[in-house]
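Within every chain, numbering begins at 1; the chains are lettered A, B, ... in the order of the sequence lines, protein sequences first and strands thereafter.
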Amino acid sequence: MAEPILTVDRVTKIAGGRTLVREASFAAFPGEVVALVGPNGAGKSTLIRMAVGAMPPTRGTVAVDGYEWRKHRKEFARRIGYMPDDYRFGGRLSARETLAFWANLRGVPRERVDEALSEVGLAEAARTPAAAFSKGMRQRLLFAQAMLARPPLLVLDEPTNGLDPLWQAEFVRLVRGLTREGHTVVFSTHQPEVAEALADRVVLVNRGEVREEASAAEALRAFFRPLAEGLKAMS
Amino acid sequence: MLRAAAALLAFAAAAWPLPPAAAQDARTSASLQELVDQAEAGQTVRIPAGEYAGPVVVDKPLRLLAEDGARLVHHGPEPALRITADGVEVRGLIVEDAERRDAGTILVEADNVRLAELTIRTASRAVRMVGADGGEILDNAIEWAGGNVPVSRRGNGIDLYDSHRNRIAGNTVSDMHDGIYVEGGDGNVVEHNRVERSRYGIHLMYTGQTVVRDNSGSQNITGIMAMTSHGAEVTGNVFVKQHENVHSQGILLFDVRDSLFADNIVEGNRVGFYVEESHGNRITGNEIRQNYIGVQILSSAGNLIERNVFAGNVADAEAVDSAGNEVRENYWDAFAGLDADGDGRSDLPNPVNPFFLKLTGAVPAFQLFFGSPGMAFLEGLYASGREAWLEDAAPLMEPPETAGDDPDGRRPSDAAAGALGLTLLAAAVLNIWYWGLRRS
Amino acid sequence: MRSAAHVAARELRLGFRNPWAYSFMALFCLFSLSLLLMPADRLQEGYSAAAGSLLNLMLYLLPLMTLLIGSFSLASEKEEGSWDLLATYPMGTFAFLAGKMAGLAAVLITVVAFGFGLTGVLGALAGKAPDAGVLGMFFAFAAGLILLFLAAAAVIGTLAESRWQALTVSVAVWFFLIIAWPTLLIAGLGLLPHPWIKPALAALTAVNPAELVRLFVVVKLGGGSVFGPEYYAWMNWIRGAGGTAGFLAVCLVWIAAALMFSHVMWERRRTHG
């Protein structure tokens, strides 16, 4: 196996006296799709934010392609595309203007902006203010932003939240295409069926801790075990 | 080399100025005094052009008429010209005096003396009158010639001591100490003079019944300074731009009684009118414009202040300890009155807040807050003792007819401001359109 | 610094589509037009009632506008999550802050340029134009005031935990520096021994950008004598070229210190939470 492209090493986050993430470690290898699965409040978002450099960890390190975040911030940032789970589009910029701003910051040419908008089906809404978008349209715009510079590593936080089944399928298709081109995709979800459809490996996250890495089928079973047992107990 | 030197010498010799031809007629050296001595009382003496040396003492009634170019150039401890006989007239002479002495350049110690059309360039007092009554000082031009010395160490232009019923008119005084100083005289008339860049334009001290009329001045420290005087009539004067000095005023009254200050224009001064410890005066019909502070009144009572125009002053009035004055029917351009009964006078009075004067009287360092927005806020909060405030009981709603346009009639160029405005506006609109309105 | 330019461009777009900018612009135009086109009051050379009024308008309105818009813009990035995303970009914290400030400065200075421009044009058409040199001088002073208070806004926006907090702190700072300043100083300094009052007043004035600008403007207009004999020497110095250089130096120090502080705090938040 090749070197991992993403290494998250014993990352801990303590904030406001509470431990949000405790000694979490996982890795992603080039060309893989890794899903972080767990219930709401498990700490998936916090873990992802630390993995992309949006939030500093209290302890532990994160590295992409060997570049550690604290020491090589710009090289780290150039190799990652991040899609946040919640994002408020303030002000009155159109979708294209918003995307163009992000493109400019990454040195991506103008044409790519319209291309990315088409890829996520927002070409017709390009001139609409992003703040007026529905949840699904916002998600697609954020995904386009992550893909803009075609980074080797894409980290997506709840990417299918708010997408209708049509766009969920489209999302699966896009991700498959990306992995075929050699990109690595790490995403979080609380919907295990999405994990099953896409992931090569699944990392279970619960109560701030990384529980185990398992194949998708095992993850499903592990995820549903308590639910099944609970249902059994009720009947 | 030698030839060049010879040529140079020859050239120098040719270019060297020749000594003047010996004077033919009566000029140079003490010959002016001779002219005076040789003349008989009551005679008219022509003084031909030329340079004369002082000192000259005129001890008999004579008319000395100087021709163009007659110059009295004096050095020495005596005054250049001293008049000890009544009825002397000196006209048209140029007097140059580079010496600093107490007695002055021209000393008049007699009555009914007339000094007219003189040009005096002096490093002392130009004209000093001691115990001289009934004289006329007319149309003279007085300038300081004592070098770059602070104004406080210069001499006065026309200096009257204990002299009565003289007429000082049409003179111009520049860069002296006091332009016209009257100490202890009665009934003098000071009119149509102009004083510039001096300390006090016209300074009255211990005087009675002085008429100060239609004079003008600019860039002095104080235009008209009246101290411990009574019965003065100060009218029609125009004093502008006394604003450089931290003690500048247009017209200042200290311990002045029963005098009239009417129809004067004080414009562009630091303080337009300053009134302290003065009583029984009438201050009326003046135009108090574009000053930093229109009027300051301290510890004064029994004055009538009416029908003055306050326009364009940064602060119209400051007053403390002066509630006992009758103030009415002035026009204050910064005051919004309410005229319910249509009589042209506001039914709301215009009070003058004493807060700032009290504050800076106690702690002068707080004068730094003059005009600051927070000061207006604080003054608004301070409302104690309203009964003791000076207040205009019935301010005019419109300026009286006397108020006209800017006296010097300067209008700023509309075109330049329009061009600048257009540039700024265009740049702003361009920015707004390019970044804000254009969508992509 | 390419990143800074992009951030600035975005800020310009956001600013000129923000209704607040236009509200302040309308307010400023309204007041400056009514001040300068009043009957007897022409804005001529020298320290006049018109100049004093315009200065007061600028001191009331511009710091408030700058503090509100500036601090709100910065705090919004934190609250809305846009900064979290931008933190994952290959962009330095300093480039981000510099770009924000530059963009905001451009927006605010455009607002006052519009106001002064309109006044100049309408004044010229009505035959009541102000003196062009004085108009230009006031525009420069307005720009300086904006830059100084933008630096303060940067500090407020950096430290504030929410937009709401940024707004309330901005209003409090404005009230303290502009409205309540003489009241608080007179009360506080009055407790000091008499010989300490003037140096303490001078030191505190140097820390208040609004007072700095106010004094500089009055002196440059020629009105320094109104502050009395206590400040005679100072006002003469300010009036000369040395005074201008000194004033600019103090402004630069102020702005640099505020921006540096903001950068340090913002960077600390980025790397240490």
Atom [atom1] in [X], atom [atom2] in [Y]: separation rounded to 0.5 Å?
X      : Y      : atom1 : atom2 : value
C/Y231 : B/F370 : OH    : CZ    : 14.0 Å
B/E379 : C/T183 : CD    : OG1   : 10.5 Å
C/L221 : B/Y292 : CG    : OH    : 8.5 Å
B/L425 : C/T110 : CG    : OG1   : 11.5 Å
C/W234 : B/L368 : CH2   : CG    : 8.0 Å
C/K198 : B/F366 : NZ    : CZ    : 13.0 Å

Specify which of [options] makes the most heavy-atom pairs with chain B at under 4.5 Å.
options                        : value
C/L215, C/V111, C/L125, C/I109 : C/L215
C/V107, C/L118, C/T205         : C/L118
C/G117, C/S225, C/A124         : C/S225

Please name the pair of heavy atoms, one in [X] and one in [Y], separated by the smallest distance, quoted to 0.1 Å.
X      : Y      : value
C/V121 : B/G418 : CG2-O, 4.0 Å
C/A113 : B/L424 : O-CB, 3.6 Å
B/N313 : C/A49  : O-CB, 3.1 Å
C/S48  : B/Q290 : CB-NE2, 3.9 Å

With a 4.5 Å limit on heavy-atom distance, are the side chains of [X] and [Y] in contact?
X      : Y      : answer
B/F369 : C/I186 : yes
B/V363 : C/H194 : yes
B/Y434 : C/F16  : no

Check whether [X] gets within reach of chain B through its side chain, its backbone, both or neither, counting any heavy atom under 4.5 Å.
X      : answer
C/R214 : side chain
C/A9   : both
C/Y232 : both

Side chain, backbone, both or neither: which part of [X] has an atom under 4.5 Å from a heavy atom of chain C?
X      : answer
B/A419 : neither
B/N245 : backbone
B/S248 : neither
B/L359 : side chain
B/I432 : both
B/H247 : side chain

Considering only heavy atoms and a distance below 4.5 Å, find which of [options] pairs most often with chain C.
options                        : answer
B/A428, B/P373, B/A376, B/A416 : B/P373
B/Q367, B/R438, B/M375, B/R270 : B/Q367
B/G421, B/A427, B/A315, B/A426 : B/G421

Just wondering, more than 12 heavy atoms not from [X] lying within 6.0 Å of its [atom1]?
X     : atom1 : value
C/R2  : CZ    : no
C/W20 : CH2   : yes
C/F31 : CZ    : no

With chain B as the partner chain, list the residues of residues 54-70 of chain C whose heavy atoms fall under 4.5 Å from it, by residue number, and write 'none' if nothing qualifies.
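Residues of residues 54-70 of chain C touching chain B at under 4.5 Å: C/N56, C/L59, C/Y60.
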